[in-house]
Amino acid sequence: IIEDSEAVASIGANPAGTLSERNEVFASFQTLAYQKVSIAAASEESKFVAVQDQLYQGNIRVRYAFLRSGETDYTGMATYYRNYLIQKKGMKKLEKTESIPLNLEMVGSINKIQSFLGINYDGTESLTTFEQAQTILTRLLDHQINHINLKYSGWFSGGLEQDYAGKFSVVRNLGGEKGLQKLSDFAKEHQIDLYPAVSFLTAPPNSKGFHQLTMSAKQLDQNGAKFYSYDQVSLSGVAYRSILSPAALQDAIAWFFRKYDKLEIGAVCMEDIANEVFADYTGGNLFDRQSAVNLYQELLAEQRKSQKLMINGSYGYAATLADVILNVPVNDSNYNVTDEAIPFYQIVYHGYKDYSAAPLNTAYSITDDMLKSIEYGASPYFKVMSAPGSKTKNTDYSYLCSNHYETWESDILDYYTKMNSVLAEVRDQVIIGHRKLQEKVYETTYENGISIFVNYSEQAVTINGAEIAAKGFIMVRGAA
């Protein structure tokens, strides 16, 4: 267990027969960051390597634990780490409920080029107003889905391409602050947790209240640090957001919550703070990756005192502080040294955190992704909007064209019902066993004796006298 300096650490592995006769896994630490820099002058180009001002000054600490016989598989390792987090981080078990949560994301607004009297300008296109969000929630409640965590994206200036968080204003086209407060009141009345999403770590360079020269973090070459969006075809950067310096980040969070807390929503979704880590190499004021992680933890812990937290991403420093975790990875890296994915992360956190993989309605195969969520004990997650997909035409958000709620409502109800039928009774239970029974057939066992069997194959299989349909699953009580 890497207890300190995890943000500058890497995990390496070698299979037996390459460098030694045994399988190996090890940690390595980068104590001196570097950057390749090119300087062009006339017809010549010079290249050199820029390095940080000084060696990493933090403590490096790795804890080794010896496991008992019979507990040396990945389930035993994950169980040990879970108990470690309970002891060190004070993780608390989930309360028992009658159903699993439906994690639902609604997209509020996006940037879109508009036209007035033949003149084009950057405008805002509403995809789900606050009133429309309430209508969707009402329909779900009418279908007896009463346990909902609602993430609301694109709700303030800039839409999904959110402006600097320190100077936010609720999008007027969505209903403004009054509309947001009405939605919040409706959610509280029906025990729905509303999590407006916000990105703190970056900002568009021309954002209101953001000054790129004084508020940006620096690279090693002392140019402003940028976070690029890449074109999938050319793999070249097509747009960027500036990365905030640590001081600017603290100011942004302070200014944001000073205004946000007045809305009395009581919950927030941290969009980027659990999936990105940015250093600042400003000359004479080095702020390395580990210092950044320590700052993120402090900021999350402070907000955790007054509101519920949803995080987008699964980084460990944020997971123990979150109530809901979205986009938890369920696949392996596909590196040659790996055999297949295992639910290590899920064994650690199941029964203590509500979590979901990627939205089911963005999956290549929604059936396979549903089965993976059932195998890994993950709650269903869908991403929708009230507007038809045509509203995203000729924008950077055309990938949302198939997320129309009307299109997905029957599937949301169907998949939620299926998943709830087997996962409701184990939501607050820890995973005590996971194994591959045969090719494409897996078993997950919980502490209350319930086992869930998942069959990914195209043919029905029989396990212990019970038939599992092709692309199907069953729950067996008392199988432990």
Side-chain angles (χ1 to χ4, degrees), residues 94-109 126-155 173-176 178-197 263-267 269 308 310 323-324 326 354-357 359-363 366-367 369-370 373-374 378-391 400-428 475:
L94 293 171
E95 295 182 1
K96 187 173 183 60
T97 55
E98 295 182 358
S99 61
I100 59 173
L102 169 63
N103 291 327
L104 183 68
E105 179 177 356
M106 295 188 194
V107 181
S109 65
S126 298
L127 300 181
T128 311
T129 67
F130 300 130
E131 186 175 349
Q132 290 168 336
Q134 185 172 324
T135 299
I136 292 173
L137 292 174
T138 299
R139 291 170 64 164
L140 291 171
L141 291 168
D142 288 343
H143 285 94
Q144 307 306 310
I145 298 182
N146 303 311
H147 191 172
I148 302 173
N149 294 320
L150 175 59
K151 174 185 175 182
Y152 199 102
S153 304
W155 59 279
N173 293 353
L174 298 179
K178 290 184 178 179
L180 178 57
Q181 287 182 316
K182 286 182 180 179
L183 177 60
S184 176
D185 292 340
F186 176 86
K188 290 176 181 178
E189 180 184 349
H190 294 88
Q191 290 78 53
I192 296 171
D193 287 328
L194 170 62
Y195 295 91
L263 300 173
E264 298 182 343
I265 294 173
C269 174
K308 293 183 176 181
M310 174 187 282
D323 295 284
V324 184
L326 299 182
D354 284 318
Y355 56 82
S356 291
L360 289 173
N361 58 324
T362 63
I366 188 170
T367 299
D369 277 32
M370 177 197 68
S373 290
I374 291 174
S379 298
Y381 173 27
F382 289 87
K383 185 173 185 176
V384 299
M385 61 189 187
S386 179
S390 59
K391 291 288 188 179
L400 295 171
C401 65
S402 62
N403 290 60
H404 186 207
Y405 175 76
E406 293 285 350
T407 304
W408 285 103
E409 183 179 63
S410 61
D411 287 307
I412 292 173
L413 299 175
D414 180 41
Y415 285 103
Y416 176 83
T417 300
K418 289 177 179 177
M419 296 176 69
N420 188 60
S421 69
V422 292
L423 295 178
E425 292 187 49
V426 297
R427 174 177 172 263
D428 63 332
M475 179 179 72

Exercise. Supply the atom-to-atom distance Asn361 CG to Trp408 CH2, rounded to the nearest 0.5 angstrom.
Key: 5.0 Å

Exercise. Please tell me if the side chains of Ile136 and Ser386 come closer than 4.5 Å, counting only heavy atoms from C-beta onward.
Key: yes

Quiz prompt | Over 12 foreign heavy atoms within 6.0 Å of NZ, Lys182 | solution = no

Quiz item: Any donor and acceptor pair, going by atom type alone, linking the side chain of Ser184 with main-chain N or O of Leu180 inside 3.5 Å?
Solution: no

Exercise. Give a yes or no on whether the backbone of Met310 and the side-chain of Asp323 come within a donor-acceptor separation of less than 3.5 Å.
Key: no

Quiz prompt | Pairwise side-chain contact, Pro380 with Tyr415, heavy-atom cut-off 4.5 Å (strictly under) | solution = no

Self-check item: Closest approach of Asp369 to Ala363 (non-hydrogen atoms, all atoms of both residues)
Solution: OD2-CB, 3.2 Å

Quiz prompt | Side-chain heavy atoms of Glu409 within contact of Val384, under 4.5 Å | solution = no

Quiz item: Could you walk me through whether Leu263 and Gln181 pass the side chain to side chain contact (heavy atoms under 4.5 Å, CB included) check?
Solution: CA-CA 6 Å; Leu263 300 173; Gln181 287 182 316; 3.8 Å; yes

Self-check item: Centroid separation Phe130 to Tyr152 less than 6.0 Å
Solution: yes

Quiz item: Quick one: are Ser379 and Arg427 in side-chain contact, heavy atoms under 4.5 Å?
Solution: no

Practice problem: Provide the closest heavy-atom pair for Glu98 versus Ala424 in the form atom of the first, atom of the second, distance. | Solution: O-CB, 3.7 Å

Practice problem: Would you sort out whether Thr362 and Asn403 count as a side chain to side chain contact (heavy atoms under 4.5 Å, CB included), showing the intermediate values? | Solution: CA-CA 8 Å; Thr362 63; Asn403 290 60; 4.2 Å; yes

Quiz item: Looking only at heavy atoms, which two atoms of Asp411 and Phe382 are closest? And how far apart?
Solution: O-CZ, 4.3 Å

Self-check item: Working for side chain to side chain contact (heavy atoms under 4.5 Å, CB included), residues Gln191 and Asn146
Solution: CA-CA 8 Å; Gln191 290 78 53; Asn146 303 311; over 6 Å; no

Exercise. Not counting sequence neighbours, which residues clear salt bridge (charged side-chain N to carboxylate O under 4.0 Å, His left out) with Asp185? List them please.
Key: none

Quiz item: Checking Thr128 side chain against Val107 main chain: does a donor-acceptor pair fall under 3.5 Å?
Solution: yes

Self-check item: Residue pairs fulfilling side chain to side chain donor-acceptor pair (under 3.5 Å) with at least one residue in residues 99-108, sequence neighbours excluded
Solution: Asn103-Asn149, Asn103-Ser356, Glu105-Ser153, Glu105-Tyr381

Quiz item: Which heavy-atom pair separates Lys418 from Met370 by the least distance, and what is that distance?
Solution: CD-SD, 4.2 Å

Quiz item: Within the side chain of His404, is there an N or O that forms a donor-acceptor pair under 3.5 Å with the backbone of Met385?
Solution: no

Self-check item: Nearest heavy atoms of Val426 and Val422, plus distance in Å
Solution: CG2-O, 4.0 Å

Practice problem: Kindly indicate whether the side chain of Leu194, heavy atoms from C-beta on, has any atom under 4.5 Å from the side chain of Phe186. | Solution: no

Quiz prompt | For Leu141 against Ile145, the heavy-atom pair lying closest together | solution = CD2-O, 3.5 Å

Quiz prompt | Minimum side-chain heavy-atom gap Met419-Leu360 below 4.5 Å | solution = yes

Quiz item: In Å and rounded to the nearest 0.5 Å, what is the OH to CG distance from Tyr195 to Leu326?
Solution: 9.5 Å

Exercise. Determine yes or no for a side-chain-to-main-chain donor-acceptor pair under 3.5 angstrom, with Asp428 supplying the side chain and Thr97 the backbone.
Key: no

Quiz item: Is there side-chain contact between Leu150 and Leu137, with at least one heavy-atom pair below 4.5 Å?
Solution: yes

Quiz item: Just wondering, are more than 12 heavy atoms of other shown residues or ligands nearer than 6.0 Å to NZ in Lys96?
Solution: yes

Practice problem: Find out whether Leu104 and Leu140 are in side-chain contact, i.e. whether some heavy atom of one side chain is under 4.5 Å from a heavy atom of the other. | Solution: yes

